[in-house]
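Reading through the structure tokens given below for one structure.
Order of appearance sets the numbers: ligands from 1, and atoms from 1 within every ligand. What you see below is based on every heavy atom in this structure, not just the backbone, and it leaves out hydrogens, waters and symmetry mates.
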Amino acid sequence: MKKVLFVFGTRPEAIKMAPLVYTFLKDDAFEVRLCVSAQHRQMLDQTLEFFSLTPDYDLDIMQANQDLFDITSRILLGLREILREYKPDMIFVHGDTTTALSASLAGFYERIPIAHIEAGLRTRHLYSPFPEEANRQMIDVLAQYYFAPTKTSADNLSLEGKNQANISISGNTVIDALFLALELIEKNPNLKAKIKQDLSLHYPLNDKRKFILVTGHRRENFGEGFVNICKAIRQIASENPKIDIVYPVHLNPNVQGVVKSSLAGVSNIFLIPPLNYEHFVYLMSCSHLIMTDSGGIQEEAPSLGKPVLLMRDNTERPEALEAGVVKLVGTNVERIVRETQSLLDNPAHYEAMSKAINPYGDSKSCQKILNFIKQRNQR
Ligand code: UD1
Ligand code: UDP
């Protein structure tokens, strides 16, 4: 039996890795253990609870307003004993977080092969997104197996000279997670009723009022970027009194501070706590459009036919831009307001961006990843 260790620590990694952990758990060829860094605490636990996952190891590293030195060093030291004691044959990491980089480095130091899920995404701007672009490039230097969600990301890896035989185009596991959540909600009327009831504590969902869903948290937007995003949201709310804006605010204090001081007290802006995955998926499915800087939401929203305005200067996910369902609007107040207003006022423009197509996956990614690993290990 192959011993595999999954390591993750933040909300998006948990959402994207949970269905993969299950796929490996169901296969007798693997002994599976899960280590969480808890780079996020509450937002990770919300997701673990939804997927009913209990970690074998919990490094519990989160500190208020932690910096990159804290996260990196605490995970490296925490993983040393676990790797030496469990001696996995392979470590699975995901994406571009500092947990993923630190776990890759720890695996490399112990000469354990790394399988990188969501490999090959690139902006080629080392400081944007920060530190994620550099994290991703460094992980791909250390990794042995590359699971690229799309051909574009696989091509990025080929251009960097990675061994072609170790690259798999497998789609993004976030689509597996999304469809799992949607199916659970659809199949279970009690769950749907509970979600609606829970949401009503924060925002009264109402068929007669449209709402814009907002999220934002990126480090490179801290400071002027976030101030601009908040100004734009305030202006949109004031110029469109019939539209609501619902913003589940990320727990990062750098986000909470500026969002609450700029946007609290406006009658059609609802600042609400981060939501459990199933609640958030349901809220996305009810929204009119989405304004975000999130990676995962750019990938999920096209499956739901929801237009996305991406409040960043560049993206490592060009596929949805090319498909015309996501638009890059930066962090300039005037541009964010103009693009949002155009979607609100111009039905043809809205229609064109609401296509339910998804370049990121078909919800079969986890099985493809498992099959690839099994084939490679049979050789
Ligand atoms: C991290 C990732 C980012 C990812 C994002 C997803 C890095 C460097 N950044 O950024 O790539 O897109 O997660 O959300 O890996 N906090 C809590 N409770 C939580 C989570 C966060 O209180 O459950 C607060 C803490 O004060 C913490 C701070 O937020 O110190 C920042 O968390 P951190 O993981 O360092 O950064 P994120 O902005 O969340
Ligand atoms: N999400 C969630 N609750 C929320 C906001 C987002 O479950 O209140 C989900 C969302 O559906 C997506 C992921 O969290 O799958 C995105 O996480 P985040 O924006 O924190 O990180 P990023 O995707 O930018 O790395």
Side-chain angles (χ1 to χ4, degrees), residues 8-19 36-51 60-72 74-75 93-103 118 121 129-136 139 172-178 180-182 195 199 202-203 213-222 226 246-257 271-285 287 290 292-301 303-304 306 308 310-312 315-317 360:
F8 56 79
T10 65
R11 169 173 69 190
E13 294 167 276
I15 291 168
K16 291 169 166 185
M17 287 286 247
V36 295
S37 67
Q39 176 178 333
H40 285 173
R41 186 72 273 172
Q42 302 89 326
M43 286 160 53
L44 172 77
D45 291 346
Q46 284 183 320
T47 312
L48 293 175
E49 191 191 328
F50 171 65
F51 287 102
D60 198 21
I61 65 139
M62 197 193 86
Q63 293 176 328
N65 215 4
Q66 62 207 1
D67 70 17
L68 299 173
F69 294 88
D70 297 323
I71 309 172
T72 312
R74 286 160 67 90
I75 295 174
V93 301
H94 186 281
D96 55 16
T97 65
T98 296
T99 292
L101 173 64
S102 309
E118 206 185 72
L121 280 66
F130 176 83
E132 290 83 3
E133 173 68 11
N135 284 352
R136 241 181 241 277
I139 295 166
N172 199 309
T173 58
V174 77
I175 309 301
D176 300 40
L178 176 68
L180 186 76
L182 287 170
I195 291 173
L199 286 174
H202 304 293
Y203 175 63
L213 183 59
V214 178
T215 80
H217 68 82
R218 305 222 75 92
R219 271 180 163 78
E220 71 275 11
N221 281 345
F222 290 169
F226 250 97
V246 183
Y247 187 165
V249 188
H250 192 290
L251 293 178
N252 192 325
N254 297 292
V255 177
Q256 290 266 330
L271 303 179
I272 69 176
L275 297 171
N276 291 354
Y277 189 53
E278 69 276 29
H279 292 67
F280 189 76
V281 167
Y282 184 71
L283 200 61
M284 270 198 291
S285 72
S287 68
I290 299 173
T292 190
D293 63 11
S294 157
I297 295 170
Q298 281 174 72
E299 294 155 343
E300 293 165 330
S303 283
L304 301 169
K306 303 296 173 184
V308 171
L310 185 59
M311 299 183 292
R312 290 173 56 174
T315 177
E316 62 284 66
R317 294 170 170 88
Y360 296 110

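In this structure, a donor-acceptor pair under 3.5 Å is present between the side chains of Thr315 and Gln298. Side chain to side chain, Thr98 and Thr72 fail the donor-acceptor criterion of an N or O pair below 3.5 Å.
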When you check ligand 1 against the protein, what N or O pairs turn up below 3.5 Å? List the atom names and distances, or just say none.
from     : atom 1 : to     : atom 2 : distance (Å)
ligand 1 : 11 (O) : Glu132 : OE2    : 2.5
ligand 1 : 13 (O) : His40  : NE2    : 3.1
ligand 1 : 14 (O) : His250 : NE2    : 2.9
ligand 1 : 15 (O) : Gln39  : NE2    : 2.9
ligand 1 : 15 (O) : Thr98  : N      : 2.8
ligand 1 : 18 (N) : Gln42  : OE1    : 2.7
ligand 1 : 23 (O) : Arg41  : N      : 3.3
ligand 1 : 23 (O) : Gln42  : N      : 3.1
ligand 1 : 23 (O) : Gln42  : OE1    : 3.2
ligand 1 : 23 (O) : Met43  : N      : 2.8
ligand 1 : 26 (O) : Asn65  : N      : 2.9
ligand 1 : 30 (O) : Gln63  : O      : 2.7
ligand 1 : 30 (O) : Asn65  : N      : 3.0
ligand 1 : 30 (O) : Gln66  : N      : 2.9
ligand 1 : 32 (O) : Gln66  : NE2    : 3.4
ligand 1 : 34 (O) : Gln39  : NE2    : 2.9
ligand 1 : 34 (O) : His40  : NE2    : 3.3
ligand 1 : 34 (O) : Gln66  : NE2    : 3.3
ligand 1 : 35 (O) : Gln66  : NE2    : 3.0
ligand 1 : 35 (O) : Arg219 : NH2    : 3.2
ligand 1 : 36 (O) : Arg219 : NH1    : 3.0
ligand 1 : 38 (O) : Asn252 : ND2    : 3.0
ligand 1 : 39 (O) : His40  : NE2    : 2.6
ligand 1 : 39 (O) : His250 : NE2    : 3.2

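Using a cutoff of 4.0 Å between basic side-chain nitrogens and carboxylate oxygens, Arg219 and Glu132 are not scored as salt-bridged.
For Ser303, the side-chain hydrogen bond (donor to acceptor under 3.5 Å, both in side chains) partners two or more places apart in sequence, or in a different chain, are Asn358. Under the rule for a ring-ring contact (aromatic ring centres under 6.0 Å, His included), the partners of Tyr203 that lie at least two apart in sequence or sit in another chain are Phe211, Phe270.
Here the CD-NZ distance, from Glu300 to Lys16, works out to 7.5 Å after rounding to the nearest 0.5 Å.
Residues lining ligand 2 at a heavy-atom distance below 4.0 Å are given as Arg11, Pro12, Ile15, His217, Arg218, Pro248, Pro274, Leu275, Tyr277, Phe280, Met284, Ser294, Gly295, Gly296, Ile297, Glu300, ordered by chain and residue number.
The number of heavy atoms from other shown groups lying within 6.0 Å of CD (Glu49) does not exceed 12.
Counting heavy atoms from C-beta on, the side chains of Val174 and Tyr360 never come closer than 4.5 Å. Side-chain contact between Glu316 and Asp96: present, with at least one pair of heavy atoms (C-beta onward) separated by less than 4.5 Å.
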